[in-house]
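Counting starts at 1 for both ligands and their atoms, following the listed order. The basis for the numbers below is simple: all heavy atoms, side chains too, and nothing from hydrogens, waters or symmetry mates.
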Amino acid sequence: MGEVKAQDQKYIANTYKRFDLEIARAEGAYCYDESGKRYIDLSTGIAVNTFGACDKEWVAAVTEQLSLVTHASNLYYTAPQVRLAELLCKRTGAKKVFFANSGAEANECVIKVARKWGKDNKGESFFNVVTLKNSFHGRTIATLKATGQDVFHKDFGPFPDGFLYCDAGNCEMLKTLVCENDCCAIMLECVQGEGGVMALDKEFVSFAKRLCEEKNLLLIIDEVQTGNGRCGTLYAYEQYGIKPDLVSTAKGLGGGLPIGAAMLFERCEGVLSYGDHGSTFGGNPVACAGAYSILSRIDDALLAGVRERSKLIFDTLSCADGVVSVSGLGLMIGIETKRDASEVISRCMDAGLLVIKAKNKVRLLPPLNIELDTLKEALDILTDCLKQTII
Ligand SMILES: *Cc1c(COP(=O)(O)O)cnc(C)c1O
């Protein structure tokens with residue numbers, strides 16, 4: 001660990017404040033440092049390892065594809081890409097899919113689609129996208145600007161124009177922004193993940209949907225973190241009773257390999273034409289074969305299990321010593337703690353449990369199929385570390 005840490009600090013750009021832990025090996029809900037110490041991992045590489053690390057079926061699907069064709073450019077057809085796109089469309093009602101390699105890139109795509117749709121359907125000036133304050137949409141220049149948090153904006157301007165920010169939950173403000181500016185879309189995360197695991201109100205989301213219908217805008221849902229079963233339904237928007245026009249996803253879709261997807265629904269399915277967008281790696285056959293193995297197993301039984309595990313966590317933590325409140329949806333959970341969140345996290349790490357932060361909260365993103373006994377063991381450690389007075 002000492003050497004890896006030193007070399008990392010020497011050669012890796014200083015963008016990550018890492019925990020003092022080298023992950024040498026991982027399997028299911030467990031990972032191990034180089035000394036062999038075992039941790040229960042409730043962070044899943046930030047909602048990526050959907051079925052835990054190195055899930056056997058996923059490994060088999062990826063391995064098989066690796067020796068068939070690892071990469072082919074998008075100048076040619078490949079079966080894994082088509083199979084995954086078909087599954088995404090059948091499961092969501094989307095009409096078309098564009099594959100990217102990350103969440104930010106998936107968001108770049110949905111923003112491009114919304115802008116072109118606005119231009120084609122409403123006029124040149126209808127490029128504005130209303131996003132929410134406290135949102136997170138990525139780290140590229142455009143998705144940073146879409147992110148409604150000033151902290152991300154310092155140092156990197158000038159940014160592209162065309163993003164307006166609304167307070168989450170403020171229907172009046174949303175209406176005013178949409179009425180007073182030439183807009184093509186409203187974009188939101190049903191649960192703001194990086195913003196502190198804050199689920200939006202149902203009323204606000206349905207209001208946004210109605211506004212999109214009345215004012216002829218597209219509704220974009222960023223499901224990069226909330227999607228792929230994480231919140232207890234395949235996509236979180238299903239629990240809000242709305243139909244989106246564009247959905248971006250990534251993280252958990254790949255189950256451990258980089259992939260992003262932009263899903264285009266009926267109103268904008270024909271917006272992109274030849275040359276409008278592209279990606280060298282997008283829809284990589286290996287990543288797609290892995291994603292297919294994940295997506296095809298997120299069925300009703302699995303989702304019922306997610307909701308059962310979610311209830312266990314909410315029930316256990318809501319009345320636990322040292323907890324102020326518990327927020328989130330499904331297995332995307334934020335804990336407002338009496339102790340400093342970072343202190344809780346490092347105490348957990350010492351005790352063999354990996355949890356992460358979101359704003360001032362402790363964030364849990366367990367594998368969707370974590371064994372109940374393992375989850376209970378993790379919650380025992382967590383509730384201990386949350387206590388204000390330690391014996
Ligand atoms: C993580 C995240 C992104 C960015 O995804 P990357 O793969 O890191 O580019 C975008 N939107 C949301 C909601 C996210 O949680």
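Taking the ring axis of Y240 as reference, the NZ or CZ atom of K202 stays within 45° of it and closer than 6.0 Å to the ring centre.
The protein heavy-atom contact nearest to atom 11 (N) of ligand 1 is D222 OD2, 2.8 Å. In this structure, atom 6 (P) of ligand 1 lies nearest to the protein heavy atom G103 N, 3.4 Å. For atom 12 (C) of ligand 1, the closest heavy atom belonging to the protein is F136 O, 3.4 Å. For atom 1 (C) of ligand 1, the closest non-hydrogen atom of the protein is K251 NZ, 1.5 Å.
Taking the six-membered ring wherever Trp is involved, the centroid distance between the rings of F99 and F281 does not fall below 6.0 Å.
Ion pairing between a basic and an acidic side chain is recognised when a charged N comes within 4.0 Å of a carboxylate O; R38 and D33 show no such pairing. Using a 4.0 Å cut-off between a side-chain N of Lys or Arg and a carboxylate O of Asp or Glu, D276 and K112 do not qualify as a salt bridge.
Rounding to the nearest 0.5 angstrom, the gap separating the CG atom in D120 from the SG atom in C268 is 11.0 Å.
In summary, the atoms of ligand 1 found under 4.0 Å from a heavy atom of H137, numbered by their order in the structure, are 10 (C), 11 (N). Interface atoms of ligand 1 facing S102, defined by a heavy-atom separation under 4.0 Å, are 7 (O), 9 (O).
For E189, every heavy-atom contact with ligand 1 shorter than 4.0 Å involves the side chain, none the backbone. Contacts of N107 with ligand 1, taken as heavy-atom pairs under 4.0 Å, involve the side chain alone. When heavy-atom distances to ligand 1 are checked against a 4.0 Å cut-off, R139 has no atom that comes that close, whether in backbone or side chain. Under 4.0 angstrom from ligand 1, there are no non-hydrogen atoms of A250.
Taking the six-membered ring where the residue is Trp, Y235 and Y237 present parallel rings, their angle staying beneath 30° rather than reaching 60°. In this structure, H277 and F98 have tilted ring planes: the angle between them lies in the 30° to 60° band.
Polar contact with ligand 1: present for Q225 (N/O pair, distance under 3.5 Å).
Between the choices A47, A104, G260, S248, the shortest heavy-atom distance to atom 9 (O) of ligand 1 belongs to A104.
Side-chain atoms of R363 do not come within 3.5 Å of backbone N or O of G196 as any donor-acceptor pair.
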